[in-house]
Amino acid sequence: MDEREFKSAYKSTNERPCTFMKALLRRCVGCSRSQKVLIAEREAMACQSPGGQQRCSELLAAMKPKALFALRLDEGQPLAHGKAIKLQCGGLLGLAESLGEEAVDDVHALIDRAVEKYGSFDAFPYSAMMPSITHFKVRNR
């Protein structure tokens with residue numbers, strides 16, 4: 001299966017891709033709303049909740065511009081795979097840490113608790129999350 005065929009099969013099979021798929025596949029976080037999808041011997045993650053996927057997308061969109069400096073990126077510059085993992089894993093772990101938690105067993109529940117505590121994504125403690133993003137170690141090859 002070539003890459004074009006894979007992408008076509010992926011889009012038809014996975015209608016709601018998980019926003020934090022890289023973090024879930026890296027196993028640095030877990031989520032009660034995620035479901036593993038296997039396509040041509042590759043793993044992907046799907047979100048079982050349309051509302052949950054929207055919230056996760058909003059959180060990632062809010063985190064990315066705040067993390068550009070920590071990731072050593074310029075605005076508009078594409079996010080490489082390793083930096084995307086640092087953003088997703090480090091960002092979620094940093095958010096959990098701001099809530100006094102050590103791990104992220106459920107991304108959906110974490111976002112619920114953070115919104116309950118801070119009120120909105122704009123009020124999240126992004127400056128406190130940046131050290132987690134910066135110091136998250138991507139596996140060596």
Side-chain angles (χ1 to χ4, degrees), residues 1-118 120-141:
M1 176 180 278
D2 73 0
E3 197 63 25
R4 276 181 287 145
E5 289 174 339
F6 169 74
K7 286 183 180 183
S8 175
Y10 177 79
K11 286 179 183 177
S12 66
T13 306
N14 193 357
E15 295 175 11
R16 253 191 321 273
C18 176
T19 303
F20 291 106
M21 178 172 51
K22 291 180 188 310
L24 288 166
L25 291 174
R26 172 69 165 73
R27 292 175 177 72
C28 61
V29 301
C31 186
S32 63
R33 304 287 202 262
S34 67
Q35 177 182 9
K36 189 178 284 190
V37 177
L38 299 174
I39 305 168
E41 299 180 0
R42 297 189 196 183
E43 289 182 310
M45 300 301 281
C47 184
Q48 298 176 328
S49 168
Q53 183 198 35
Q54 178 66 32
R55 286 180 45 182
C56 288
S57 295
E58 290 172 11
L59 174 58
L60 189 61
M63 274 195 308
K64 185 179 175 185
K66 306 229 183 332
L68 289 175
F69 181 77
L71 294 170
R72 298 180 182 162
L73 293 172
D74 294 324
E75 193 169 334
Q77 191 175 357
L79 200 59
H81 179 73
K83 297 208 185 239
I85 289 176
K86 287 177 79 91
L87 175 64
Q88 291 182 18
C89 291
L92 291 171
L93 292 170
L95 182 60
E97 192 175 299
S98 76
L99 296 171
E101 302 171 14
E102 291 184 17
V104 180
D105 297 325
D106 187 356
V107 173
H108 187 77
L110 173 72
I111 294 172
D112 283 344
R113 290 189 298 275
V115 168
E116 186 178 307
K117 180 175 180 176
Y118 299 112
S120 71
F121 293 144
D122 293 333
F124 280 18
Y126 295 106
S127 59
M129 294 161 61
M130 290 309 117
S132 295
I133 292 172
T134 303
H135 298 299
F136 187 82
K137 299 286 184 207
V138 179
R139 283 186 282 191
N140 293 333
R141 291 181 182 232

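What's counted below: heavy atoms across the whole structure, side chains too, no hydrogens, waters or symmetry copies.
By the side chain to side chain contact (heavy atoms under 4.5 Å, CB included) test, A46 pairs with N14, V37, sequence neighbours left out. In terms of the salt bridge (Lys or Arg N to Asp or Glu O under 4.0 Å) criterion, R72 has no residue partners (sequence neighbours excluded). The disulfide (SG to SG under 2.5 Å) search around C31 returns none, not counting sequence neighbours. Residues meeting the ring-ring contact (aromatic ring centres under 6.0 Å, His included) test with F20, sequence neighbours left out: none.
In this structure, the separation between CG on L25 and CD on E43 is 5.5 Å, given to the nearest 0.5 Å. To the nearest 0.5 Å, atoms OH (Y126) and NZ (K64) are separated by 14.5 Å. The line from CG of L24 to CZ of R33 is 13.0 Å long, rounded to the nearest 0.5 Å. Taking OG of S32 as the reference point, atom NE2 of H108 lies at 6.0 Å (rounded to 0.5 Å).
Between M21 and A44 the shortest heavy-atom distance is SD-CA, 3.6 Å. Taking every heavy atom of both residues into account, G94 and S132 meet most closely at CA-OG, 3.3 Å. A96 approaches L110 most closely through the heavy-atom pair CA-CD1, 3.7 Å.
Taking 4.5 Å as the limit, some side-chain heavy atom of L87 sits within range of a side-chain heavy atom of I133. Residues L95 and M63 form no side-chain contact, since every pair of their non-hydrogen atoms from C-beta on lies 4.5 Å or further apart.
Sorted by first and then second residue, the side-chain hydrogen bond (donor to acceptor under 3.5 Å, both in side chains) pairs with a member in residues 75-98 read K22-H81, S98-Y118; sequence neighbours excluded.
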Throw together a table of side-chain donor-acceptor distances under 3.5 angstrom for residues 47-59, partners on residues two or more places apart or in other chains.
from, atom 1, to, atom 2, distance (Å)
Q48, NE2, Q35, OE1, 3.3
S49, OG, G52, N, 2.9
Q53, NE2, P17, O, 2.7
Q54, NE2, E58, OE2, 3.0
R55, NH1, D112, OD1, 2.6
R55, NH2, D112, OD1, 2.8
S57, OG, T19, OG1, 2.9
S57, OG, Q53, O, 3.0

